[in-house]
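Taking it in order: structure first as structure tokens, then the write-up.
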Amino acid sequence: MEASKLGSVAVDPIEHVIHYHQATKHHFSRYARSLGYLDWANQPDPFRRFQGAPLMPLPILQPEEEPLSPPYEALYRHGAVESWPLSIRTLSRFLEYALALSAWKQAGDVRWALRSNPSSGNLHPTEGYLLLPAVSGLAAMPALYHYAPKEHGLELRAVCPDGTFERLMAPFPPHAFLFGLTSVFWREAWKYGERAFRYCQHDAGHAIGTARLAAASLGWRMALLDGLSSDLLAELFGVNRAEDFRDAEREHPECAAVVWSDHAVRGQESGAGENRIEIPMFLDAAAVKALAAGQWYGKANRLSREHAVHWDIIDEVAEASWKTQTDQCTVPLRNSSVPATPDPLSSTARSPSAGQLIRRRRSAVAFDGKTSISAAAFFNMLRRVMPHADLPQPDRPVPWDVWPWAPAVHLALFVHRVDGLEPGLYVLVRDPQQLPALQRAMNPEFGWAPAPGSPADLPFFWLLEGDARRVATQVSCHQDIAGDSAFSLGMIAEFESNLRRHGSWFYPRLFWECGLLGQVLYLEAEAAGVRATGIGCFFDDPMHELLGINDLSFQSLYHFTVGGPVDDPRLLTLPPYGERR
């Protein structure tokens, strides 16, 4: 990317990303810039459609229909779920768990949808795409589709020219397909203004998480094609086609992943189960261009009649964090003949199914200020978010096997109501190799004692003792939900060194990791009988000051809270696709 394209604020893309990050912080004395009110007349349509594109409805499956959902704990263990073949039914289940509607809520005459993938403000900037082989009941030829969640169907965007799909997918396991995500920044900017780019990246991380766990529920593997340039992603999904987005809000390419069935690689391995297969984290650029040169269908709908303000700073940080190069890297496949890995976490005798938890997951709007959770449940949650950074990517537990980079995000926890654990400030170090760097960056007076009762293999440290409810509320934009919970937390990312090491394009990925963390915590909360919610509004530097961080070595990127929910009895809950049942 040429520095001249970045405007006058900064010439270096990394410095420009840092400028955006600093400019969009909330402070006690002021919030990041936004419109200041909700322009209800121009509220964005939450559903993108491509007018003129054929829509292929997917079957609406009942929970008791095949493919059946495995026990929740099985999602996190390689080899614990038998692989299902790709079909229109398994594709329907995958998208149901990844991006579909999970319910409708109604208050009076107003109705709005909830989805499997969480979203800041329920605004849903994330769009899903799939590049599929011929699937019986769907299409007789390989094609690119856009997922329409309201209809639970696939919109045909482009048919692959002869041989193109085979060229694209040749390096991958048999019957693999591509899954991709884009963002419509306007959907978040309508409400949140300049900070919206951050929230779009949180949501992309949540969607990566829902997709990875949806794949795991079918015994499928998934790996982010993190070597791809943003230009190639835009071309692959057609979001660079000006003629298809004329007068409509544009989509920003986020990521693409390859999804495949574990049993599809059996028989390709050599020598007593030894795994010698490697798959690329990139695509054949010439094959992508051949797809882009084919016939396309549909024009994007306009989401808002008018835009009161255009936030230039969002366009600038999107450009500054654009990945300009394709990295031709590979990742080995895990040996599919290895038996299922044991789950060291304690579990109930009658575990709920993954589908039950995914369907009932909700973002809490208030907590009761009295519900506590057991220490066992709390430590289960913490162990579930450990990525086992010492393992190679394919051997890390789900969902941390989805991308190749080392974990960059740690948890600073305000413990309020955990049975057997003293209230106070704690830290979970998700990559033990980063412990010295965290200790150097934080207040030197912190204790860093291993938390009493913590499992020996969990790098969980007690920093300060005391009632943290008030300070947790204060740093989370004075929101009671952070203090009325069982615990709340800030996600602290190794910040500037990662940008210098990888490049400005790594900035969104730090937020993706936070979103994926949040998705695991959402489901873990449901499994423990409580509820969770993400907090995008927090006072950035006051949080850093609380921890003693006075530079850009670490930054708080997302807050989260877990507790006993208070439901609004005035709201009516309706099934997601009742009219189709």
Next item on the list: Give the intermediate values and the outcome of ring pair (Phe, Tyr, Trp, His ring centres under 6.0 Å) for residues Phe487 and Tyr426.
Entry: CA-CA 10 Å; Phe487 69 92; Tyr426 295 77; over 10 Å; no
Next item on the list: Look at the rings of His202 and Tyr199 and say which category their plane angle falls in: under 30° parallel, 30 to 60° tilted, over 60° perpendicular.
Entry: parallel
Margin query: With a 6.0 Å cut-off (strictly less than), is the heavy-atom count around CD of Gln433, excluding the residue itself, greater than 12?
Written below: no
Next item on the list: Check the angle between the aromatic planes of Phe511 and Tyr507 and answer parallel, tilted or perpendicular using the 30° and 60° thresholds.
Entry: perpendicular
Checklist line | Plane angle bin for His559 and Phe538 - parallel if under 30°, tilted between 30 and 60°, otherwise perpendicular | finding: parallel
Notebook entry, point to check: Quick one: do Arg469 and Asp467 make a salt bridge, cutoff under 4.0 Å?
Noted result: yes
Notebook entry, point to check: Is Arg360 reaching over with its side chain to a backbone N or O of Glu526, donor-acceptor style, under 3.5 angstrom?
Noted result: yes
Margin query: Angle between ring planes, Phe197 versus His252, binned at 30° and 60°: parallel, tilted or perpendicular?
Written below: perpendicular
Margin query: If the threshold is 4.0 Å, N to carboxylate O, is there a salt bridge linking Arg212 and Asp401?
Written below: yes
Next item on the list: For the residue pair Arg93 and Ser217, confirm or rule out a side-chain donor-acceptor distance under 3.5 Å.
Entry: no
Next item on the list: Anything under 30° is parallel, anything over 60° is perpendicular, the rest tilted; go ahead and classify Phe560 against Tyr522.
Entry: perpendicular
Margin query: Is the ring pair Trp505/His502 parallel, tilted or perpendicular, if the boundaries are 30 and 60 degrees?
Written below: perpendicular
Next item on the list: Check for a donor-acceptor pair, side chain of Arg430 on one end and backbone N or O of Ala408 on the other, with a separation under 3.5 Å.
Entry: no
Next item on the list: Would you verify whether the NZ or CZ of Arg501 falls within 45 degrees of the ring axis of Phe506 while also being under 6.0 Å from that six-membered ring's centre?
Entry: no
